[in-house]
Colleague: 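Before we start, here is the structure in question, set down as structure tokens.
Numbers for residues simply follow the sequence, beginning at 1.
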Amino acid sequence: MILSFCIAALSCLSMPQPVPAEENGAAGTGQKLSVSAPSALLMEAETGTILYQKQEHDARPPASVTKIMTLDLVFEALAKKQIALTDEVTVSEYAASMGGSQVYLEPNEVQTVETLIKCISVASANDACVAMAEFICGSEDEFVSRMNEKAKQLGMEDTHFVNCCGLSADGHETSAYDIALMSRDLIVNHPAIYDYCTIWMENITHTTRKGASEFGLANTNKLLKQYPYATGLKTGYTSAAKYCISATAEKDGVSLIAVVMAAPDPKARTADVKKMLDYGFNACRIYKDKNPEPLSDMPVKHGVADSVPLKYEGMMTYVSTDGGDTAKITKKKKLPKAAEAPIKSGDPAGKVTYYLDGQELGSVNILYAQNVARAGFADYYTQLLKCLFSL
């Protein structure tokens with residue numbers, strides 16, 4: 001029996017791979033990169049490769065950069081169809097009482113989920129954050145518990161959230177490294193965030209018992225107008241946190257995340273981010289094996305089928321930061337000549353390993369694409385009868 005085969009070339013979300021770096025220096029390249037902020041990190045988003053780091057695990061108050069995790073959970077709820085963009089949210093008195101950055105929602109005012117996402121992403125609205133937290137989890141406290149659970153899942157060991165919006169509170173802290181982790185999770189798993197965090201200006205309508213009134217949203221991320229490749233993501237400021245940002249940018253297929261914490265002023269924050277992004281785009285070369293060798297069905301011994309289709313577990317992606325010629329990357333496939341039943345779909349059959357100048361870069365597993373049970377007496381008897389009747 002000949003079964004059809006399939007090839008799956010899917011991008012894998014792996015844990016970040018740090019590149020050795022000197023403090024105040026660019027990771028793994030020998031180039032110097034002077035960043036004035038006390039904590040900073042530059043990450044290539046697709047693979048999680050760290051290109052630059054400075055005091056990246058120092059726990060500090062993140063101000064409104066906190067909202068990256070809030071948005072991550074909002075988009076996660078959308079993806080799971082627990083909520084919809086058109087759902088209507090009634091603002092509580094508590095949500096409306098939030099100070100700091102806000103869009104002045106009133107108690108019992110009704111806004112859609114999509115409008116509140118815009119308020120959070122564009123205007124960094126604390127009242128909109130709490131309204132969404134209550135809508136998803138019933139209370140801000142329960143939502144914050146989920147934020148901390150998600151942080152643990154992502155390996156954010158320097159992080160503890162106390163609220164969902166970033167207002168100053170004892171014990172509310174994270175690090176540049178952890179901010180990069182949650183930023184990457186948001187943009188890789190929920191790229192629709194770019195539809196909102198790139199809005200420069202937009203009006204929303206407040207409809208309350210006083211009537212309808214327009215309110216203008218203006219993006220707090222001025223980098224969108226100051227850096228040609230900027231795509232987001234979130235700024236933050238409090239007197240305790242000073243000026244923070246998680247900035248995303250894309251150029252020539254390279255996607256970067258630049259995190260700055262505790263910059264003394266907005267100009268210093270912007271200057272640091274621009275330096276980091278410019279460095280990253282100059283240093284990074286991305287290799288993707290978009291056209292892997294087609295996989296033939298593998299013969300099966302003692303199975304109810306004579307062969308089993310194979311598939312790639314994902315696409316090989318490699319980030320070069322040392323000027324290596326990715327055109328010289330070679331690969332070697334390792335597969336047995338046949339498989340022994342029983343076979344379980346998703347189990348590894350072999351792998352493809354990639355090399356550059358004799359150095360192993362990584363590998364991609366080749367998986368069985370179907371189950372194949374072990375043949376029993378009845379299967380052999382049926383096969384014998386088919387052979388006899390075909391004579």
Side-chain angles (χ1 to χ4, degrees), residues 7-35 40-54 56 177 180-181 183-184 187-188 191 227-231 247-259 273-296 310-335 348 350-367:
I7 298 173
L10 303 174
S11 297
C12 298
L13 182 61
S14 57
M15 288 300 291
Q17 299 300 312
V19 177
E22 338 169 18
E23 185 177 346
N24 297 319
T29 66
Q31 284 185 267
K32 290 292 182 182
L33 181 61
S34 176
V35 171
L41 184 134
L42 178 65
M43 177 184 286
E44 190 280 320
E46 186 166 354
T47 63
T49 301
I50 297 171
L51 307 173
Y52 172 83
Q53 51 200 347
K54 176 184 178 184
E56 71 279 8
Y177 179 83
L181 290 184
S183 300
R184 182 180 180 229
I187 65 174
V188 171
Y227 193 77
Y229 310 111
T231 58
T248 57
E250 185 172 354
K251 178 185 178 185
D252 298 333
V254 176
S255 181
L256 300 177
I257 301 167
V259 179
V273 168
K274 286 181 177 180
K275 286 180 186 177
M276 293 165 71
L277 292 174
D278 284 343
Y279 163 75
F281 288 131
N282 287 330
C284 279
R285 296 295 179 268
I286 305 290
Y287 167 84
K288 295 181 182 180
D289 189 5
K290 294 183 178 180
N291 298 298
E293 178 186 342
L295 296 170
S296 301
L310 304 174
K311 65 180 181 180
Y312 292 103
E313 186 175 21
M315 181 193 298
M316 172 62 180
T317 303
Y318 170 71
V319 179
S320 171
T321 59
D322 58 5
D325 185 358
T326 56
K328 295 181 179 178
I329 290 177
T330 60
K331 51 188 175 180
K332 182 178 180 181
K333 183 172 67 176
K334 185 176 182 180
L335 279 173
K351 66 179 180 179
V352 178
T353 305
Y354 295 77
Y355 302 89
L356 178 60
D357 297 330
Q359 180 180 355
E360 182 177 330
L361 303 179
S363 61
V364 172
N365 286 329
I366 298 173
L367 310 177

Colleague: Minimum heavy-atom separation for Leu51 and Tyr279, please, with both atom names.
Modeller: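 Heavy-atom minimum between the residues: O-CE2, 4.0 Å.
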
Colleague: How long is the straight-line distance from CG of Asp278 back to CG of Leu256, given to the nearest 0.5 Å?
Modeller: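 The CG atom of Leu256 sits 10.0 Å away from the CG atom of Asp278.
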
Colleague: What closest approach, in Å, do Leu277 and Ala249 show between heavy atoms, and which atom pair accounts for it?
Modeller: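 Reported closest heavy-atom pair: CD1-CB, 3.9 Å.
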
Colleague: What's the shortest heavy-atom distance between Cys284 and Val319, and which atoms?
Modeller: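 For Cys284 versus Val319, the nearest heavy atoms are SG-CG1, 3.8 Å.
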
Colleague: So, does Thr321 use its side chain to make a donor-acceptor pair with the main chain of Ala283 at under 3.5 Å?
Modeller: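 It does not hold such a pair.
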
Colleague: Looking only at heavy atoms, what is the nearest atom pair of Ile187 and Ala45, with distance?
Modeller: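 Here Ile187 and Ala45 meet closest at CD1-CB, 3.9 Å.
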
Colleague: Distance from Lys54 atom NZ to Met276 atom CE, nearest 0.5 Å?
Modeller: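 Answer rounded to 0.5 Å: 10.0 Å.
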
Colleague: For residues Ala258 and Val273, report the shortest heavy-atom separation together with the two atoms involved.
Modeller: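 Heavy-atom minimum between the residues: CB-CG1, 4.3 Å.
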
Colleague: Is any side-chain heavy atom of Met43 less than 4.5 Å from a side-chain heavy atom of Val259?
Modeller: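 They are not in contact (no side-chain heavy atoms under 4.5 Å apart), so the answer is no.
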
Colleague: If you define the side chain from C-beta out and look only at heavy atoms, does anything of Tyr52 sit under 4.5 Å from Val35?
Modeller: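 With C-beta onward as the side chain, the pair touches.
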
Colleague: Holding to side chain to side chain contact (heavy atoms under 4.5 Å, CB included), I want the full list of residues that pass it with Lys275, two or more places apart in sequence or in another chain.
Modeller: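 Partners of Lys275 under the side chain to side chain contact (heavy atoms under 4.5 Å, CB included) test: Leu33.
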
Colleague: To the nearest 0.5 angstrom, please state how far the OG1 atom of Thr353 sits from the CE atom of Met316.
Modeller: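 Between atom OG1 of Thr353 and atom CE of Met316 there are 9.0 Å.
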
Colleague: What's the shortest heavy-atom distance between Leu295 and Lys333, and which atoms?
Modeller: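 Taking every non-hydrogen atom into account, CD2-CD, 4.2 Å.
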
Colleague: Can I get a per-line list of side-chain donor-acceptor pairs under 3.5 Å for residues 323-332, giving both atom names and the distance, sequence neighbours left out?
Modeller:
from   : atom 1 : to     : atom 2 : distance (Å)
Asp325 : OD1    : Ala327 : N      : 3.0
Lys331 : NZ     : Asp289 : OD1    : 3.3
Lys331 : NZ     : Asp289 : OD2    : 2.9

Colleague: Would you indicate whether the side-chain heavy atoms of Tyr354 and Tyr318 approach each other to under 4.5 Å?
Modeller: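 With C-beta onward as the side chain, the pair stays apart.
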
Colleague: With under 30° as parallel and over 60° as perpendicular, where do the rings of Phe281 and Tyr229 fit, or are they tilted in between?
Modeller: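 Perpendicular.
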
Colleague: Verify side-chain contact (heavy atoms from CB on, under 4.5 Å) between Leu361 and Tyr355, making sure each step is shown before the conclusion.
Modeller: CA-CA 5 Å; Leu361 303 179; Tyr355 302 89; 5.8 Å; no

Colleague: Flag the pair Ile286 / Glu44 as yes when at least one side-chain heavy-atom distance between them is below 4.5 Å, and no otherwise.
Modeller: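 Of all side-chain heavy-atom pairs linking Glu44 with Ile286, at least one is under 4.5 Å.
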
Colleague: At what distance, to the nearest 0.5 angstrom, does OG of Ser183 lie from CG of Leu41?
Modeller: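 Nearest 0.5 Å value for the OG-CG distance: 10.0 Å.
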
Colleague: State, yes or no, whether a side-chain contact exists between Val352 and Glu293 at a heavy-atom distance under 4.5 Å.
Modeller: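 Val352 vs Glu293: side chains apart.
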
Colleague: Going by the rule side-chain hydrogen bond (donor to acceptor under 3.5 Å, both in side chains), which residues pair with Ser255 if we only count those two or more places apart in sequence or in a different chain?
Modeller: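 Partners of Ser255 by the side-chain hydrogen bond (donor to acceptor under 3.5 Å, both in side chains) criterion come out as none, since no residue qualifies.
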
Colleague: Working to the nearest 0.5 Å, report the span between CD of Glu46 and CD1 of Ile257.
Modeller: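 It comes to 11.5 Å.
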
Colleague: Are more than 12 heavy atoms from other residues, nucleotides or ligands located less than 6.0 Å from atom CD of Gln359?
Modeller: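 Open: at most 12 neighbouring heavy atoms sit under 6.0 Å from CD of Gln359.
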
Colleague: Check this for me: Lys351, atom NZ, are more than 12 non-hydrogen atoms of other residues, nucleotides or ligands nearer than 6.0 Å?
Modeller: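 Counting neighbours around NZ of Lys351, 12 or fewer heavy atoms of other residues, nucleotides or ligands fall under 6.0 Å, so no.
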
